[in-house]
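Not measured: the values here are computed from a predicted model. Remember, it's 1-based here, ligands and their atoms both numbered in the order they're listed.
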Amino acid sequence: MAVCDFIISGARVIDGSGKPSQQLDVAVERDRIVDTGDCSHWHADSLIDAQGLVLSPGFIDSHTHDDLAVFKTPELPFKISQGVTSVIAGNCGISLAPLKPQTALPAPFPLLGNDEEYQFPSILEYRKNWDRSPGAVNIALLTGHSSLRLGHMSNLEQSADPSAIAAMRGALKEALQQGSIGLSTGLDYPPAAAASTDEVVQLARVLHEFNDALYVTHMRDEGDALLEAVQETLDIGNQAGVPVVISHYKCAGPANYGKSSESLAMVDAAVSTQQNVSFDVYPYTASSSSLLYHFVKDAESVLLAESTPHPECNGKLLDRIATDWNCSLPEACERLYPASAIYFQMDEADLERIMRHPAAMIGSDGIASMLTPHPRLWGTFPRVLGHYVREKKLFNLETAIHKMTGLTAHKFALKERGEIKVGNYADLVLFDPETIIDRASFEQPAQICDGVKSVWVNGQLSWHDKLSTPARNGRFLTH
Ligand SMILES: [Zn+2]
């Protein structure tokens with residue numbers, strides 16, 4: 001009789017491929033799935049009765065800023081409690097590595113950590129730290145364009161000259177050789193806004209030398225110039241010959257509500273020419289970032305999450321603060337800085353159209369460093385499964401799980417993950433499809449969701465009955 005560590009029996013298994021669920025047993029030995037189906041010929045150290053529950057691959061959070069959070073809070077309760085077993089970090093142009101800044105950090109860098117916390121001059125140094133102190137979930141790292149700019153340019157308010165481009169290309173190449181999976185940009189943020197399209201193309205061409213490396217972008221504009229920004233992104237992907245992921249896909253600002261039909265048609269047209277394009281999206285109509293006036297303009301209302309000089313204003317509406325201070329909105333932003341905010345700036349119909357799209361992956365964009373985070377940090381995945389699948393019936397459970405697992409693993413080329421099949425890593429989540437729901441709200445954002453029973457990372461039980469186990473079994477994922 002073959003021997004394994006445990007068998008999960010009787011669950012409705014949704015394998016992550018998008019195919020219909022099946023009633024299967026799943027056997028795990030060490031870090032791998034060793035059998036599925038009838039596992040009665042296995043002798044297991046423990047048998048887990050999962051009648052009435054769904055077993056799926058652990059969720060892959062396709063958009064995070066967890067570069068530093070994995071070291072500061074390695075138990076990562078805001079991830080593992082949702083069933084997340086892998087994160088893609090280094091998004092929006094700001095990666096913790098490779099960067100050891102010589103000057104004070106401009107926005108949005110403080111979203112990750114303070115000046116002293118950027119202490120990894122290479123991906124290799126970051127990996128050494130990870131090996132000493134791994135987190136509870138797996139991590140893959142993008143290399144941030146803004147981090148490269150800050151490390152290799154003295155004036156960020158211009159496009160890179162040939163020598164700066166050569167230096168950044170060299171640094172990006174080294175990062176990819178050391179295990180980074182791609183390049184991210186944040187062209188909507190001050191450190192990168194002056195970069196020309198050509199600057200980005202020249203960097204993205206480095207990706208082409210590496211199998212599966214991809215270009216991931218917080219685009220130059222998500223509001224009035226959304227369509228131009230989508231076009232620029234598709235052009236960059238085409239000119240560099242690399243896969244493209246558009247970050248936190250949205251149509252920002254009331255004037256742009258409804259534009260998702262047009263912008264998604266551009267994605268469809270690109271896909272029909274065999275261009276590899278996908279995007280991540282979070283299930284909320286409010287965004288969150290540094291407090292910057294150019295984001296304020298595109299919002300219906302803005303909630304101050306936190307301000308360093310004026311903590312007494314945290315949780316107040318920006319309009320109200322400006323009225324109380326008898327000043328303009330730009331002036332209020334300046335006085336509150338450094339600060340972060342939540343922007344109510346999207347339309348539900350756009351959000352649903354975007355989530356339904358076959359190229360849509362679920363990604364939280366959660367920011368763990370914020371005292372008052374956006375609820376997406378703790379609620380993204382159960383909100384999709386509870387609110388959008390069970391309550392609103394936006395799509396079925398198999399489709400939702402695919403957008404959180406198999407599709408993401410495929411797009412980011414995370415091998416042997418994202419699907420329940422023999423030989424794959426045993427990243428697994430067991431949840432109750434009738435009760436799973438987010439509890440995090442804008443008022444009380446740090447709330448554990450309901451309905452997630454157990455989570456395994458590389459075969460180790462890491463979350464059970466709303467509690468972390470001591471396991472810190474995450475791996476550093478490379479291509
Ligand atoms: Zn972003």
Side-chain angles (χ1 to χ4, degrees), residues 61-69 87-96 99 105-113 140-150 181-193 195 200 214-223 225-226 229-230 232-233 236 244-253 256 263 278-299 302 305 338-346 350-351 354 360-370 373-377 380 408 411-412:
D61 192 340
S62 55
H63 189 110
T64 83
H65 296 284
D66 292 333
D67 313 36
L68 181 64
V87 298
I88 311 290
N91 275 285
C92 298
I94 47 167
S95 57
L96 196 66
L99 178 62
L105 293 165
F109 285 96
L111 288 177
L112 287 193
L141 285 187
L142 297 163
T143 298
H145 172 226
S146 294
S147 297
L148 294 175
R149 291 189 117 233
L150 198 61
I181 62 164
L183 171 71
S184 79
T185 56
L187 300 172
D188 199 12
Y189 285 117
V200 182
L214 63 172
Y215 174 63
V216 180
T217 181
H218 175 154
M219 298 188 297
R220 208 177 282 280
D221 196 292
E222 299 181 317
L226 170 68
V230 171
E232 180 187 32
T233 302
I236 291 167
V244 166
V245 177
I246 298 173
S247 297
H248 39 63
Y249 203 101
K250 63 169 76 72
C251 305
N256 303 300
S263 71
S278 59
F279 51 86
D280 63 75
V281 56
Y282 50 79
Y284 297 86
T285 53
S287 68
S288 174
S289 188
S290 299
L291 179 64
L292 292 169
Y293 180 65
H294 84 274
F295 293 158
V296 170
K297 300 194 291 340
D298 277 341
V302 178
S340 56
I342 290 164
Y343 302 89
F344 294 86
Q345 54 164 196
M346 288 171 254
D350 281 321
L351 173 62
I354 290 165
M361 301 176 277
I362 304 302
S364 71
D365 199 9
I367 300 164
S369 65
M370 287 165 66
H374 185 300
R376 65 194 183 188
L377 178 67
T380 289
T408 317
K411 288 294 178 186
F412 284 89

- Message: Side chains of His294 and Asp188: any donor to acceptor distance under 3.5 Å?
- Response: yes
- Provide the protein N, O or S atoms situated under 2.8 Å from the Zn ion (ligand 1); waters are not included. Cys92 SG, His218 ND1, His248 NE2
- Task: Go through the side-chain N and O atoms of Thr408 and Ser62 and say whether any donor and acceptor fall under 3.5 Å apart.
- Result: no
- Task: Report the residue from His248, Lys411, His63 that forms a side chain to side chain donor-acceptor pair (under 3.5 Å) with Asp280.
- Result: His63
- Listed by chain and number, what are the ring-ring contact (aromatic ring centres under 6.0 Å, His included) partners of Phe279, not counting sequence neighbours? Tyr249, His357
- Query: side chain to side chain contact (heavy atoms under 4.5 Å, CB included) with Arg220: which of Val230, Leu187, Thr233, Thr185?
  - Reply: Leu187
- Task: Could you tell me whether the side chains of Asn91 and Ser184 share a donor-acceptor contact shorter than 3.5 Å?
- Result: no
